[in-house]
A.B. asks: 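Sending over a structure as structure tokens; questions will come in a sec.
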Protein chains: 4
Amino acid sequence: MAAVSRSDVVDPRIERSREVVLAAALELLAEVGFGDLTIEAVAARSGVAKSTIYRHWAGKLDLVASACAELKSDARTVPAPGPVRQRVAEILTEFAVNVQDPTWRRACLPALIEASARCPEVAAVSRQLAEMGTAPLVQVLDEAVAAGELRLPAGATTAVLADALVGPILLRALFHRDPLDAGDVPALVDLVLPGP
Amino acid sequence: MAAVSRSDVVDPRIERSREVVLAAALELLAEVGFGDLTIEAVAARSGVAKSTIYRHWAGKLDLVASACAELKSDARTVPAPGPVRQRVAEILTEFAVNVQDPTWRRACLPALIEASARCPEVAAVSRQLAEMGTAPLVQVLDEAVAAGELRLPAGATTAVLADALVGPILLRALFHRDPLDAGDVPALVDLVLPGP
Amino acid sequence: MAAVSRSDVVDPRIERSREVVLAAALELLAEVGFGDLTIEAVAARSGVAKSTIYRHWAGKLDLVASACAELKSDARTVPAPGPVRQRVAEILTEFAVNVQDPTWRRACLPALIEASARCPEVAAVSRQLAEMGTAPLVQVLDEAVAAGELRLPAGATTAVLADALVGPILLRALFHRDPLDAGDVPALVDLVLPGP
Amino acid sequence: MAAVSRSDVVDPRIERSREVVLAAALELLAEVGFGDLTIEAVAARSGVAKSTIYRHWAGKLDLVASACAELKSDARTVPAPGPVRQRVAEILTEFAVNVQDPTWRRACLPALIEASARCPEVAAVSRQLAEMGTAPLVQVLDEAVAAGELRLPAGATTAVLADALVGPILLRALFHRDPLDAGDVPALVDLVLPGP
DNA sequence: CTTTAAGCGAGACGGTACGTCAAGTCTTCGT
DNA sequence: ACGAAGACTTGACGTACCGTCTCGCTTAAAG
């Protein structure tokens with residue numbers, strides 16, 4: 001009844017190869033970026049033969065898309081209940097810190113942006129990741145709106161508001177301008193979050 | 001005295017090479033994007049030898065940087081005087097349109113972000129370009145603050161405000177999410193710009 | 001007593017695999033030659049799995065050796081009795097024609113020679129095939145000597161004489177010089193065969 | 001006056017590359033044979049980059065053809081005047097010894113034969129080499145015929161006769177049968193050379 | 001007439017070499 | 001003398017086979 005269909009069974013070697021290759025790809029993406037990522041290097045670091053990589057992925061873009069899709073598990077959790085300003089500040093503070101951390105798994109964000117510009121499949125992954133990344137913030141904002149704690153002007157959405165909050169942190173990181181750090185978060189919240 | 005210093009005189013061949021190379025580079029950038037741009041192709045299209053290109057530029061990044069620098073004339077100018085909201089909306093509307101242009105902006109921005117993450121020199125360029133990009137917006141906001149038309153909370157700066165305004169437009173483009181287009185700009189301004 | 005020894009019994013599946021593989025190998029040898037023959041292609045054409053081929057043969061050389069051994073049945077038969085010159089001419093004429101046949105002889109002989117130079121096992125096969133190839137000719141000459149129809153100088157053997165007769169035909173084929181064809185055989189016999 | 005035309009001048013780097021590559025190719029041909037010769041190995045041994053090799057030769061066959069063409073200088077010289085039997089024996093004796101030499105002759109000849117079967121260009125080279133190889137023998141025979149020392153049957157040529165003399169030596173070497181050595185040469189001459 | 005062990009196909013694996021392409025360096029020539 | 005031309009080394013590309021190896025399936029034999 002609940003018997004596993006035979007076609008669902010995957011050769012364990014395939015699964016094992018897939019894992020070590022994607023792990024190596026993510027490491028290298030963070031280290032050298034998309035442009036300098038080579039399949040040879042992924043093969044060397046993972047200990048998997050180049051031909052095996054090409055057996056499973058069509059090329060660099062495809063591999064990077066798969067690798068980035070692995071990042072989905074990193075999702076942030078929604079903070080404990082409380083005043084919006086405080087909850088938002090909590091999320092942004094963590095984000096401002098993470099974005100500076102060079103070992104952060106999403107150090108491959110720039111690589112992801114580059115790859116997205118060149119390949120629709122990666123772009124789809126990128127979009128998903130971005131939406132998952134702001135999801136907790138959007139949820140907190142939605143709850144505040146629902147509770148009447150936050151009032152948005154006509155035509156505005158919490159998604160756009162989330163982008164406006166995140167923008168100053170992320171854009172400065174991407175373009176290597178003076179970063180906004182944890183101490184700057186309260187002023188940012190005061191500036192962007194509507195209300196008294 | 002008024003004689004032109006010898007070092008100011010440039011071999012006309014050099015000037016000629018520089019022009020045709022940069023022209024070819026810009027054409028190719030628009031056609032194939034940064035990632036698929038090759039020095040070899042620039043040499044072929046321009047009719048200039050590869051070694052000549054390397055004599056004048058350090059590599060692909062340097063060449064593209066020069067090429068983009070040629071575009072400085074494209075810089076946005078500060079809009080005519082008027083109410084802040086209107087001036088800001090004008091800038092953002094143009095930006096929302098440009099960011100969709102598939103030619104050089106989409107081709108170069110992601111590459112610039114990627115390269116900035118790996119190479120400090122490029123990061124410096126990136127930073128300059130980013131600041132030049134938001135300069136008109138910051139200037140408009142500064143003027144409004146000076147005129148008392150806009151009041152910022154304590155600790156907030158116009159630079160951060162500019163990022164918050166630009167964030168929703170740019171982040172959506174970079175991560176290939178639903179773009180904000182010209183029609184969405186008024187709501188964005190209402191949402192982010194402080195005030196009644 | 002008359003029972004078939006158990007070691008003589010072969011699993012019919014093995015026999016079947018052996019046959020279709022060798023047939024495919026011979027076909028491919030004729031089509032693409034030894035150098036371009038691949039085990040993969042033999043597997044594909046025969047419908048037998050690559051692993052099965054490697055289960056029975058050590059590699060390409062071994063497989064080709066087996067395949068060529070299958071050709072032993074092709075051996076030339078001794079011509080009908082008659083005058084030596086006529087019998088010799090008959091054999092050489094057929095040989096001169098066969099040697100031009102582009103299929104297996106041209107495809108295999110050079111490869112066999114090459115392989116023999118690298119691998120003692122193949123050299124042994126090569127030697128056997130060569131001796132089987134000249135056997136009818138040697139037999140005819142031996143019979144003529146026994147009958148007193150042919151007289152050899154002291155120290156000479158019919159084996160060497162056979163080589164001398166075959167040499168002009170085969171060497172020209174191997175080195176792609178002007179071939180000796182059927183019409184040239186009588187002059188060759190007159191020239192090399194001792195006697196009045 | 002005797003000025004070298006400008007188009008005759010070759011970049012010395014090209015000449016240098018050509019020389020070291022062909023030398024390495026000949027060495028490897030002798031060592032591993034045609035089948036196991038790889039362009040990579042030639043590149044490694046010669047110290048010349050693979051791409052440079054491909055710039056000058058179309059592939060393995062073309063390279064081998066060029067390399068073998070370099071062997072043309074090895075030609076044997078015609079022996080001193082004297083009786084035909086003695087002069088022929090002298091040539092054959094040297095040949096019988098050389099053919100056993102495990103270095104290049106035994107190693108390259110099979111490779112050359114193999115390559116000739118697969119590539120018309122190599123076949124042309126092969127033919128030339130073969131003809132140059134028997135040229136001294138043919139010349140000696142021609143001189144004997146001209147001097148009335150040797151009489152050929154109608155329809156026979158000295159070229160065929162040369163092949164008949166060489167055949168027993170070379171065929172046995174190629175097929176790894178019992179070699180004919182120096183001691184066997186007189187009997188071979190007595191057997192094949194027409195006359196009293 | 002079932003076990004049971006073998007031969008089998010399928011195909012993933014780590015490798016090596018292929019022939020191509022671009023990068024960036026360096027030598028030679030022509031103006 | 002210096003820039004243009006282009007040959008060079010290097011190294012990654014993506015492909016094709018290599019020979020090895022696990023898998024289950026199926027099929028022949030021995031109990």
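Per chain, numbering begins at 1; letters A, B, ... match sequence-line order.
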A.B. asks: With sequence neighbours left out, what residues match A:A49 under side-chain contact (heavy atoms from CB on, under 4.5 Å)?
C.D. replies: A:S51, A:T52
A.B. asks: Holding to side-chain hydrogen bond (donor to acceptor under 3.5 Å, both in side chains), I want the full list of residues that pass it with C:E40, two or more places apart in sequence or in another chain.
C.D. replies: C:K50
A.B. asks: Main chain of A:A65, side chain of A:E121: is a donor-acceptor contact present, judged purely on distance under 3.5 Å?
C.D. replies: no
A.B. asks: Whole angstroms only, please: what is the CG-C1' distance between B:D36 and E:dA23?
C.D. replies: 15 Å
A.B. asks: In whole angstrom, what separates B:L61's CG from E:dA23's P?
C.D. replies: 12 Å
A.B. asks: Under the side-chain contact (heavy atoms from CB on, under 4.5 Å) rule, collect the residues that match up with A:S116, sequence neighbours excluded.
C.D. replies: A:L112, A:V122, A:A123, A:S126, B:H176
A.B. asks: Using OP1 and OP2 only, check whether a side-chain N or O of B:T52 sits under 4.0 Å from F:dA4.
C.D. replies: yes
A.B. asks: Restricting to side-chain hydrogen bond (donor to acceptor under 3.5 Å, both in side chains), what partner residues turn up for A:K60, sequence neighbours left out?
C.D. replies: none
A.B. asks: Which whole-number value in Å describes the distance from D:H56 NE2 to E:dT20 P?
C.D. replies: 14 Å
A.B. asks: Can you list everything that forms a side-chain hydrogen bond (donor to acceptor under 3.5 Å, both in side chains) with B:R45? Sequence neighbours excluded, please.
C.D. replies: B:E27, B:E31
A.B. asks: Please compare C:R18 and A:R18 by the position of their nearest nucleotide in DNA chain E and report the one closer to 5'.
C.D. replies: C:R18
A.B. asks: List every contact pair, protein side and nucleotides 18-21 of chain F side both N or O, where the distance is under 3.5 Å.
C.D. replies:
unit_1	atom_1	unit_2	atom_2	d
F:dC18	OP1	C:I39	N	2.8
F:dC18	OP2	C:I39	N	3.2
F:dC18	OP2	C:E40	N	2.9
F:dG19	OP2	C:Y54	OH	2.4
F:dG19	O5'	C:Y54	OH	3.4
F:dG19	N7	C:K50	NZ	3.3
F:dG19	O6	C:K50	NZ	2.8

A.B. asks: Within this structure, what is the CG-to-C1' distance between D:L28 and E:dA17, rounded to whole angstrom?
C.D. replies: 14 Å
A.B. asks: Closest nucleotide of DNA chain E for C:G47 versus for A:R16: which of these residues is on the 5' side?
C.D. replies: C:G47
A.B. asks: Please tell me which of the listed nucleotides, E:dG15, F:dA4, F:dT9, lies nearest to the side chain of B:A49?
C.D. replies: F:dA4
